[in-house]
Amino acid sequence: MYCRRATALLRLTRGVSQAPRCGFAAAAARYTGDQSDSFRPGGEVSSLWLSQPGTANASVIKCEKNLINDAKLRVESDRLFVYNGTSKQNMYTYFYLRDLCKCPQCVDPHSKQRSFRSSDIPSNVAPRRVEWDNKKLVIQWQNDIPGYGKSHTSSFDPDYLERPVTLALHDPKNLRQVRPWHNSRMQRWQHWVSFEDYMNDEVKFTAAMRNLQTLGLIFVKDIPESREMVGKIATRMGPLRNTFYGSTWDVRTVPQAKNVAYTNQHLGFHMDLMYMNEPPGFQLLHCLENSCEGGESLFSDTFNVVNWLRMHSTKSDYDLLTQMELAYEYQHEDQIYHHKRPVIQMDATGEFVQYVNYSPPFQSALPLAKTSKDDQDRLMKILRIFAKQLQKPTNIFQLKLNPGECAIFNNRRIAHARNHFNTTDGSRWLAGAYVDEDAILSRYAVCQKKYPNVWRDATPATADSAPNDATED
Ligand SMILES: C[N+](C)(C)CCCC[C@H](N)C(=O)O
Ligand SMILES: O=C(O)CCC(=O)C(=O)O
């Protein structure tokens with residue numbers, strides 16, 4: 001994976017006129033204003049000094065790093081460029097590079113906290129010396145942040161320059177590694193992990209997390225019979241998300257229920273707490289009792305439905321779902337929540353679907369006051385189609401949770417429902433909890449960092465067909 005010979009170039013602003021030599025041998029080059037201490041990059045070549053004079057002619061030095069294969073470095077007075085291969089060029093201002101420094105003076109090695117503010121960097125910060133060897137770009141500064149001495153040295157390896165955020169996991173592209181599913185796919189792909197493995201086997205836990213990322217739904221089985229377990233399973237991923245339902249809660253029938261979840265009625269497809277500013281990212285439902293007739297759990301992947309809609313509706317109808325908001329509310333004596341959101345919520349790049357928002361039982365007045373009759377008609381039409389696809393039997397994964405089993409699912413993607421159950425014989429009791437998306441994304445990132453190969457290989461869908469054909473007509 002590394003370049004076999006020298007491929008990276010260091011190109012200073014002007015060539016140096018010694019006899020040409022193959023540049024492959026060069027190991028280090030420095031650009032320095034040492035003598036005068038006044039660095040005038042881009043101008044005086046007299047201030048150029050190469051540590052290995054034999055290579056001074058060469059605008060080429062070696063690089064073993066694939067990432068900056070064929071890289072050239074160009075130093076100018078207020079910025080430097082790394083030319084990466086033929087097509088890619090990255091420009092780095094000195095403000096940016098100074099800000100990027102993670103030396104122990106700048107970032108405390110223990111707390112990992114930064115000891116300066118971006119706003120502390122003087123506007124005329126510039127290199128006093130630039131050094132570029134096979135492995136690192138090393139800069140010493142002039143006009144550094146007050147308090148930093150001459151010895152302060154910033155050192156950047158090419159990987160860090162190219163990818164300064166440790167894990168690209170929070171990059172939208174990585175987050176989109178989802179595998180939309182319909183029933184027959186989920187029949188094949190469903191991921192079950194035993195409580196024992198989930199709690200104690202890092203590799204199996206990582207595989208479970210990877211499947212949670214791609215499928216949005218996994219199951220834990222063989223859970224000890226205890227009300228405490230749902231909290232344990234949740235906190236293995238991240239802290240419990242507290243809401244007015246409590247940090248964990250029970251779904252069982254109660255008289256005069258405040259919430260239809262607490263009755264034995266059928267519950268249509270929905271997501272929880274859509275009326276909140278930040279609905280919980282993930283939900284757990286741990287079955288403690290389920291001896292009633294009925295009471296099956298149903299799951300449907302809204303990303304699968306969105307794919308289908310994208311292919312089967314006009315762009316303008318589809319776009320209505322991304323643009324027009326529905327409103328949700330929870331109005332009781334001591335809680336008054338209200339929030340508006342489109343059914344299909346795009347991410348900040350506008351390129352990817354980030355969330356789907358859907359909870360008919362908690363809908364409030366449609367915020368359509370300024371919407372034409374025509375647009376309202378079209379919105380209703382596309383909503384009908386959405387609902388129909390969502391609850392189409394071939395799209396639904398249905399199972400009756402047994403005691404000792406727990407579903408974990410992405411509440412911003414997977415809609416859940418349950419069948420009516422008969423309480424005259426038997427009982428039904430689920431214990432539930434929420435975990436915020438932030439905590440789960442962090443858990444994914446840690447799992448990926450510790451077990452990159454497990455992370456890469458654990459998803460069943462890697463060997464299967466493309467996501468776009470996910471919905472059956
Ligand atoms: C937590 N608990 C099961 C009690 C209720 C679940 C939430 C019910 C409803 N979907 C909502 O969004 O409020
Ligand atoms: O009873 C169930 O299976 C699910 C309950 C539910 O959907 C909810 O609490 O939101």
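Read the numbers this way: they start at 1 and go in the same order the structure lists the ligands and their atoms. As the structure is a prediction and not an experimental result, all values here were calculated from the model.
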Task: Proximal candidate to atom 4 (C) of ligand 2 [heavy atom criterion; set Leu285, Leu273, Asp250] - done: Leu285

Task: Leu273, portion touching ligand 1 at heavy-atom distance under 4.0 Å - done: both

TODO: With heavy atoms under 4.0 Å as the rule, classify the contact between His270 and ligand 1 as side chain, backbone, both or neither.
DONE: side chain

TODO: Mark up the atoms of ligand 1 that fall under 4.0 Å of a heavy atom belonging to Val251, in ascending order.
DONE: 3 (C)

Open item on the list: Taking distance alone, with N or O pairs closer than 3.5 Å, would you say His270 contacts ligand 2?
Closed with: yes

Open item on the list: Is the distance from the ring center of Tyr434 to that of Tyr245 below 6.0 Å?
Closed with: no

Task: Which of the ligand 2 atoms, numbered from 1, are nearer than 4.0 Å to a heavy atom of Leu430 - done: 1 (O), 2 (C), 3 (O)

Task: Pair Lys373 + Asp377: basic N to acidic O under 4.0 Å - done: yes

- [ ] Pick one of side chain, backbone, both or neither for how Tyr330 approaches ligand 1, counting any non-hydrogen atom pair under 4.0 Å.
- [x] neither

Task: Backbone or side-chain N or O of Trp249 under 3.5 Å from ligand 2 N or O - done: no

- [ ] State whether Arg378 and Asp319 are salt-bridged, where the test is any N-O pair (Lys NZ or Arg NE/NH1/NH2 against Asp/Glu carboxylate O) under 4.0 Å.
- [x] no

- [ ] Pull out every atom of ligand 2 sitting under 4.0 Å from any heavy atom of His416, numbered as shown with elements.
- [x] 6 (C), 7 (O), 8 (C), 10 (O)

- [ ] May I ask you to check if ligand 1 and Tyr275 share an N or O to N or O distance below 3.5 Å?
- [x] yes

- [ ] Determine whether the aromatic ring centres of Phe386 and Tyr358 lie less than 6.0 Å apart.
- [x] yes

- [ ] Could you tell me the residue and atom name of the protein heavy atom closest to atom 9 (C) of ligand 1, and the distance to it rounded to 0.1 Å?
- [x] Phe362 CE1, 3.1 Å

Open item on the list: So is Tyr434 touching ligand 1 or not, going by heavy atoms under 4.0 Å?
Closed with: yes

Open item on the list: So, regarding Gln283 and ligand 2 (criterion: nitrogen or oxygen to nitrogen or oxygen, under 3.5 Å), is there a contact or not?
Closed with: no

